[in-house]
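Below is one structure; the comments refer to it alone.
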Amino acid sequence: MTLTEKLQDLRERSLLRRRRSVESACGPELVVDGRRLLAFASNDYLGLAADPALIDAAREGAGRYGVGAGASHLISGHYAPHQALEERLAAFVGMERALYFSTGFMANLGVVASLAGHNDAVFSDQLNHASLIDGIRLSGAEKYIYPHRDLAALEAMLSTCPAANKLVVSDAVFGMDGDLAPLPELLELCQRHDAHLVVDDAHGFGVQGPQGRGSLAKFGIASPRVVYIGTLGKAAGVSGAFAAGSDEVIEWLLQSARSYIFTTGAPPLLAHALLASLDLIERGDHRRAHLAQLIAQLRAGLKLKRWRLSDSATAIQPLIIGANEEALRIGAQLYESGLWIPVIRPPTVPEGTSRLRISLSAAHTPAQVERLVAALNELE
Ligand SMILES: *Cc1c(COP(=O)(O)O)cnc(C)c1O
């Protein structure tokens, strides 16, 4: 197929994606084309992306360190705030050491491809994030995909796999469904089969567990077998990600992760802002409690007949509609009425499960959630 034909094919299957340019700061209300919209679209779960304290910290960081790192971390682009951030993050999630990456996508690519190679085996939940899947492809390891959250299937695969070096990788909170991985059971399987466990907590860091310390802390589990990945562009409200684990694992990542080594360090002003963000996360119980109330309000308020709400207790509350065209039509109707909820279609989600991905933030008010509930109940 030519590119023209490929694009036409996407168009015909209602799979062509488009972007909208936002003219205001990230928050519940966004200005697009001069119109004010109520959005349930971002992963800014704690409402920190435009917090005045973080804006001040970013300004202060820019004043001290300028706007660019100028080089990669291993040359001269590793700054004092990067170092301080790594130390704070490691202590916050209870690991020996952490490494700060420019994005979560790069962290996942780097971690998986560094910890697995040819002759190794990687076991991956069917609904894992694209960046983990690409990390596995890049690693050249044998790939075993187990059905979503299916521990028995994973155990069977682990038992029969001949590889000496095994890695199990899983999202902690699944981004398009909002449900949780069975982390204690996954860790137990990894212990039994001498495998490493890579936990991608992109949607859990900052929101799950005591003080937002993440999904491992929520379950009260810790092990030198675990490599924890948290991202910093979602609940933390800024940008970047980190891998945390044993001193040895992190040293190996620093020596070998190509997405860490061969890229310019993220602007140190971001690390400076992230240190302030960690303060807010740590002291953010009121934000997490408010978010939990909004989640309960949404779930109790929706009166569904044809559509199905995903079985989720997190801020990700997908409303599964089914066909691409219907999901797009509902999304467009909501948009017309001033509500912006992203429509997620294949290949991001399985065929026939196109959905409105409602995401809630501590910055939303109960009145805003009420407006969403009323609009959805009317369309259903
Ligand atoms: C968003 C996300 C990533 C990528 O993180 P970025 O910092 O946005 O690159 C990785 N894994 C999961 C599960 C995600 O949701």
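Counting starts at 1 for both ligands and their atoms, in listed order.
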Lys/Arg N to Asp/Glu carboxylate O, [X] vs [Y], below 4.0 Å:
{"X": "Arg97", "Y": "Glu87", "value": "no"}
{"X": "Arg88", "Y": "Glu282", "value": "yes"}
{"X": "Asp285", "Y": "Arg288", "value": "yes"}
{"X": "Glu325", "Y": "Arg345", "value": "no"}

In terms of residue, atom name and distance, what is the protein heavy atom nearest to [atom]?
{"atom": "atom 4 (C) of ligand 1", "answer": "Phe105 N, 3.5 Å"}
{"atom": "atom 7 (O) of ligand 1", "answer": "Gly104 N, 2.7 Å"}
{"atom": "atom 13 (C) of ligand 1", "answer": "Asp200 OD2, 3.2 Å"}

Sub-4.0 Å heavy-atom contact, [X] with ligand 1:
{"X": "Gly175", "answer": "no"}
{"X": "Lys234", "answer": "yes"}
{"X": "Gly233", "answer": "no"}

With no hydrogens and no angle check, do the side chains of Asn108 and Asp200 hold a donor and an acceptor under 3.5 Å apart?
yes

Side-chain donor-acceptor contact under 3.5 Å, Arg225 with Gln191:
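Side-chain D/A pair, Arg225 to Gln191: absent.
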
Numbering the atoms of ligand 1 from 1, which are under 4.0 Å from a heavy atom of [X]?
{"X": "Thr103", "answer": "7 (O), 9 (O)"}
{"X": "His203", "answer": "14 (C), 15 (O)"}
{"X": "Thr231", "answer": "5 (O)"}
{"X": "Asp171", "answer": "13 (C)"}
{"X": "Asn108", "answer": "10 (C), 11 (N)"}

Which one holds for Asn128 and ligand 1: side chain close, backbone close, both close, or neither close, with close meaning a heavy atom under 4.0 Å?
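Neither part.
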
One residue to check: Ala202. Relative to ligand 1, which of side chain, backbone, both or neither has a non-hydrogen atom less than 4.0 Å away?
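It is the side chain that gets close, since no backbone atom is under 4.0 Å.
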
Test His272 against Tyr79 for side chain to side chain donor-acceptor pair (under 3.5 Å), laying out the working first.
CA-CA 10 Å; His272 192 73; Tyr79 286 72; over 6 Å; no

Which class fits the ring pair Phe242 and Tyr228: parallel under 30°, tilted 30 to 60°, perpendicular over 60°?
tilted

Run through Leu309, Leu304, Ile358 and flag the one making a side-chain contact (heavy atoms from CB on, under 4.5 Å) with Leu376.
Ile358

Do ligand 1 and Val173 have nitrogen or oxygen atoms that lie under 3.5 Å from each other?
no

